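See structure below.
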Amino acid sequence: MRMSQMFSQTLRQAPAGAEVKSHRLLLRAGFIRQLAAGLFSYLPLAKRSLAKIENILREEMNAIGGQEISMPVVHPAELWKETGRWYEIGSELGRFKDKNEREMALAMTHEEVIGDLVRKEIRSHRQLPQLLYHIQIKWRDDPRPRAGLIRAREFTMKDSYSLDADEEGLDRQYRNHYQAYFNIFNRCALPTLAVRSDVGMMGGSMAHEFMYPTPIGEDTLLICDACGYTANRQIAEFRKPPAEPEEPRKAEKIETPGADTIEKLARFLGIPESKTAKAFFAVATITEGTEDVERFVLAVVRGDMEVNETKLANAVRAKELRPAREEEIRHAGASPGYGSPVGVKDALVVVDDAVKDSPNLAAGANEDGYHLINTNYGLDYEADIVSDIALAGEGDACPRCGEAMRTTRGVEVGNIFKLGTRYSEPLGCTFLDAEGDSKPVLMGSYGIGVGRLLACVAEEHNDENGLVWPITVAPYEVHLISLGGGEAVAEDLYRELTGRGVEVLYDDRDERPGVKFNDADLIGNPIRLTVGARSLERGGVELKLRREQESELVPVEEVAQSIERRLAALRTEIEERVVEVPFEE
RNA sequence: CGGGACGUGGCGCAGUCUGGUAGCGCACUCGGCUGGGGGCCGAGUGGUCGCCGGUUCGAAUCCGGCCGUCCCGACCA
């Protein structure tokens, strides 16, 4: 491609509002343009990089038996009503009516449509297993799009769906994806971690998220460097520091004026926070039968811990969970700042397992200005549910090996879910097994955000001058610059290299050298060739890797060979990153 | 949805407080010089100042409403 004819232009300054590095650089280098919040156009450079990523996705999906299909972006509402998601999902689902006033949905994901295909096509266990995938646009009306391509409203996703007759088959497909995803991210030179995760709106029994660790990430991860345990904070477990064994004493009400936080209470009583109980009030939306009801939830953790709202929501099987308002708390007979399960009515009481095993805790008396000392689970109050509902944090002990864990932030670039029968049952996706019994198909779903992946690669590979693409994702392999006196040789080289199948971006513009060098650095193709009177006098063409400082002088007639050698080396480097990864459950 | 900020040529911004006929840098066009890290000189093109309404002799500027964009939070895969 000749830059004199290329549609993309570089920008000296990034538009205001682009704060994240990848967003700024992709904008500045002419890869993307924003149309509206969370909506982007992909210019030629981005389109080329995306095509490369998509090909990697295809290769890895095909390698584990995937077959590519394509499903619509617009779906009839009926399908989404069948799985219940039409009602479960809020404004994030795009809805509209067609000209006949039929309700339609914009695809957020494609479980419903796959399910519809499966129930129409799959009848026998002989047709299983299957792995179908497509690369398609999704619409999620995110309440807050941000960070450019990292969180867009319209985005392209590779999603695959596995269909199996039994648990072993589903497990195999899940593990295949686990490895394939590492291969994909390694081939894109993007460091990632697989972490155990919450199943969220997808439903199902097991899920992993593939996280690119970066401070701009929106998720918090817990990592144990000693044994390799990794988990999203939403579900991360940890070993809770055990309480000192004591004989339970009799609860006693005492005056604690102004001690409406755990910190103040502990200081007032002269005890550690671990000797107190913390109450958290929430209202959960729970589906009972066919109805959604709101339940008041009183959660209790030990004073030295925080409530994990995801764990709490899962413990009560809530569809939604929000903090309670003061009047709701008072209505239940509790008192904000002085709350505990003792004496509250009409509350779903959830107690963290550590509270159950910690004797003689100071807890609220449900009366402003008063606490109870020496409360004991089982003596002073009971719970509807005892479960782990505590939030893991920096330094907490690993649930597996007990070593201190650390936290880091991450961007989710992919996820894998064992859906089981979450969709096949409501949609009636059944098959006849070898015994002639009708059984629901076991499904898995596996997603990778293509644009987000591109943005993460950009986020990882850049320097103060611009992007530094890995060879597998770069829009072009070679950036050829002609300077004064080098035009004729550059033209010849451009013809020769493209003739040999090398992807060359050729800066044939009448620009000053500084402009050309800066644009080359900004765009970030891996190899730069510079031809000018000065280089020719010294005996040839300058060859420089984007990521390195020094250039090498190559005689004109050896350039093609030299380029091919360099490209092969860059590819080998990437291939060496692709290794087998042990499955961490 | 809660909090905050911003909206002025393609991009980055000033002007708004204190109302008086819209400006700077970059980009773009033409001419000339220059020619290995965003160069210089000269001449130009381009803006209903987000939209609607109000106040006023007069509104980018003051007032009200709306829309849009970004950031923090809530939410979410």
Side-chain angles (χ1 to χ4, degrees), chain A residues 9-20 23-24 27-28 30 33-39 85 88-93 107-111 138-148 150-153 155 157 159 195 197-204 207-211 216-219 232 234 282 285 309-310 313 319-323 325 410-417 419 445-449 452 464-466 481-487 507 509-522 528 530-538 541-542 544 549 551:
Chain A
Q9 292 178 58
T10 56
L11 302 175
R12 191 174 293 207
Q13 290 151 311
E19 300 204 336
V20 173
H23 190 196
R24 294 178 64 83
L27 242 16
R28 283 231 290 138
R33 292 292 180 257
Q34 183 167 345
L35 176 64
L39 296 176
R85 290 161 113 194
E88 282 170 22
I89 297 171
S91 56
E92 209 183 331
L93 177 63
M108 297 177 64
T109 164
H110 285 77
E111 282 78 12
K138 305 279 191 276
W139 170 260
R140 293 185 190 176
D141 202 349
D142 200 294
R144 181 138 106 86
R146 68 189 103 180
I150 290 187
R151 192 157 159 180
R153 291 194 294 170
F155 58 96
M157 185 182 214
D159 37 333
V195 307
S197 73
D198 186 44
V199 294
M201 77 157 192
M202 302 295 291
H208 281 85
E209 291 168 334
F210 288 77
M211 292 284 185
I216 67 159
E218 299 180 52
D219 287 279
N232 192 308
Q234 292 178 320
T285 308
E309 294 188 35
T310 303
K319 201 167 101 179
E320 250 176 84
L321 186 83
R322 63 170 171 83
R325 291 188 289 267
V411 172
E412 182 186 347
V413 286
N415 54 38
I416 56 179
F417 291 91
L419 299 174
S445 102
Y446 317 85
I448 288 181
R452 182 180 277 190
E464 61 284 1
N465 296 318
I481 291 178
S482 70
L483 299 180
E487 293 85 353
D507 195 345
R509 298 173 302 171
D510 181 22
E511 287 287 355
R512 298 180 60 83
V515 172
K516 293 190 172 191
F517 288 131
N518 279 311
D519 278 350
D521 286 348
L522 229 199
R528 190 182 79 189
T530 308
V531 201
R534 192 177 297 181
S535 74
L536 291 172
E537 272 163 34
R538 286 179 31 229
V541 175
E542 283 157 31
K544 178 182 152 327
Q549 282 308 312
S551 65

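In this text the structure is predicted, and so the values were computed from the model without any measurement. Proteins come first, then strands; the chains are lettered A, B, ... in the order of their sequence lines, and each starts at number 1.
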A/Leu321 CG to B/C76 C1', in whole Å, measures 14 Å
Pairing partner of B/G44, by Watson-Crick or G-U wobble and under 3.5 Å for both distances, is B/C28
Ranking B/A27, B/A77, B/C70 by distance to the side chain of A/Arg12, first place goes to B/A27
Within the modelled atom types, does a donor on one side and an acceptor on the other bring the side chain of A/Asp219 and the base of B/A77 under 3.5 Å apart? yes
Under a 3.5 Å limit on both distances, the Watson-Crick or wobble mate of B/C6 is B/G68
Could you tell me whether the side chain of A/Arg452 has a donor or acceptor atom within less than 3.5 Å of a complementary atom in the base of B/A77? yes
Salt bridge or not between A/Asp142 and A/Arg153? Use side-chain N to carboxylate O under 4.0 Å.
no
By the Watson-Crick or G-U definition, both distances under 3.5 Å, B/G73 is matched with B/C1
**Euclidean distance for P, B/G47 against B/G42 (whole angstrom)** = 24 Å
**Message:** With rounding to the closest Å, how many angstrom separate the P atoms on B/A59 and B/G3?
**Reply:** 33 Å
Q.
Is the shortest side-chain heavy-atom distance between A/Glu511 and A/Asn518 below 4.5 Å?
A. no
Using the P atoms only, state how far B/C17 lies from B/G64, rounded to an integer number of Å. 14 Å
Of the listed B/G38, B/U69, B/C75, the closest approach to the A/Glu309 side chain comes from B/C75
Worksheet item: Do any N or O atoms from the side chain of A/Arg28 and from the backbone of A/Arg12 form a donor-acceptor pair under 3.5 angstrom?
Response: yes
Side chains of A/Phe517 and A/Asp507, heavy atoms from C-beta outward: is any pair under 4.5 Å? no
**OP:** Sticking with atom P, work out how far B/U21 lies from B/U61, rounded to a whole angstrom.
**Re:** 14 Å
In whole angstroms, the gap separating P of B/A77 from CD of A/Glu92 amounts to 7 Å
Which of B/G38, B/A77, B/U69 is nearest the side chain of A/Arg28? It is B/G38
**Asked** When the C1' atoms of B/G9 and B/A22 are considered, how many whole Å apart are they?
**Response** 11 Å
So, do A/His110 and A/Lys138 sit near enough that their side-chain heavy atoms are less than 4.5 Å apart?
yes
(message) Under 4.0 Å, counting only non-hydrogen atoms across every strand here, what does A/Ala147 touch: a base, just sugar-phosphate, or nothing?
(response) sugar-phosphate
Sorted by position of nearest nucleotide on RNA chain B, 5' first, the leading residue of A/Ala37 and A/Met157 is A/Ala37
In whole angstroms, the gap separating P of B/A77 from CZ of A/Phe210 amounts to 18 Å
pair_partner(B/G58), Watson-Crick or wobble, both distances < 3.5 Å, evaluates to none
Please tabulate the protein-to-nucleotide N/O contacts below 3.5 Å involving nucleotides 1-6 of chain B, giving atom names and distances.
none

Notebook entry, point to check: Do side-chain atoms of A/Arg146 reach the backbone of A/Arg151 as a donor and acceptor pair under 3.5 angstrom?
Noted result: no
Nucleotide by nucleotide, nucleotides 32-37 of chain B touches protein heavy atoms under 4.0 Å in the pattern (B base, S sugar-phosphate only, - none) --BBBB
task: Would you indicate what A/Arg151 reaches in the nucleic acid, counting non-hydrogen atoms under 4.0 angstrom: base, sugar-phosphate, or nothing?
output: base
Please report the distance separating the C1' of B/G2 from the corresponding atom of B/C75, rounded so that it comes out in whole Å.
12 Å
pair_partner(B/G53), Watson-Crick or wobble, both distances < 3.5 Å, evaluates to B/C63
### Spacing of the P atoms in B/U29 and B/G10 (rounded, Å)
16 Å
Q. On a whole-Å scale, what distance lies between the P atoms belonging to B/G19 and B/A60?
A. 13 Å
Any strand, both distances under 3.5 Å, Watson-Crick or G-U wobble: B/A14 pairs with none
- Query: So do the side chains of A/Met108 and A/Ile89 get within less than 4.5 Å of each other, counting heavy atoms only?
  - Reply: yes
A/Pro145 and A/Gly38 have their tightest heavy-atom pair at CB-CA, 3.9 Å
When rounded to whole Å, the CG to C1' distance for the pair A/Asp507 and B/G38 reads 13 Å
Compare all side-chain heavy atoms of A/Lys516 with those of A/Arg528 and state whether any distance is below 4.5 angstrom.
no
To the nearest angstrom, the CG-C1' distance between A/Asp142 and B/G73 comes to 14 Å
Reading nucleotides 9-16 of chain B from 5' to 3' and marking B where a protein heavy atom lies under 4.0 Å of the base, S where only the sugar-phosphate is that close, and - otherwise, the string is --BSS---
If you define the side chain from C-beta out and look only at heavy atoms, does anything of A/Lys544 sit under 4.5 Å from A/Thr530? no
Comparing A/Glu218 with A/Ala18, nearest RNA chain B nucleotide closer to 5' gives the residue A/Ala18
Heavy atoms of A/Val411 and A/Gly217 approach each other most closely as CG2-CA, 3.6 Å
Taken to the nearest whole Å, CD/A/Gln34 to P/B/G68 is 14 Å
Rounded to whole Å, the CZ-P distance (A/Phe155 to B/A77) equals 11 Å
Between A/Leu11 and A/Leu27 the two heavy atoms that sit nearest each other are CD1-O, 3.9 Å
Shortest non-hydrogen pair, A/Glu542 vs A/Ser535, comes out as OE2-CB, 3.7 Å
When rounded to whole Å, the CG to C1' distance for the pair A/Leu93 and B/C76 reads 13 Å
Is it the case that the side chain of A/Arg24 and the backbone of A/Glu19 share a donor-acceptor pair, with hydrogens and angles ignored and the cut-off at 3.5 Å? no
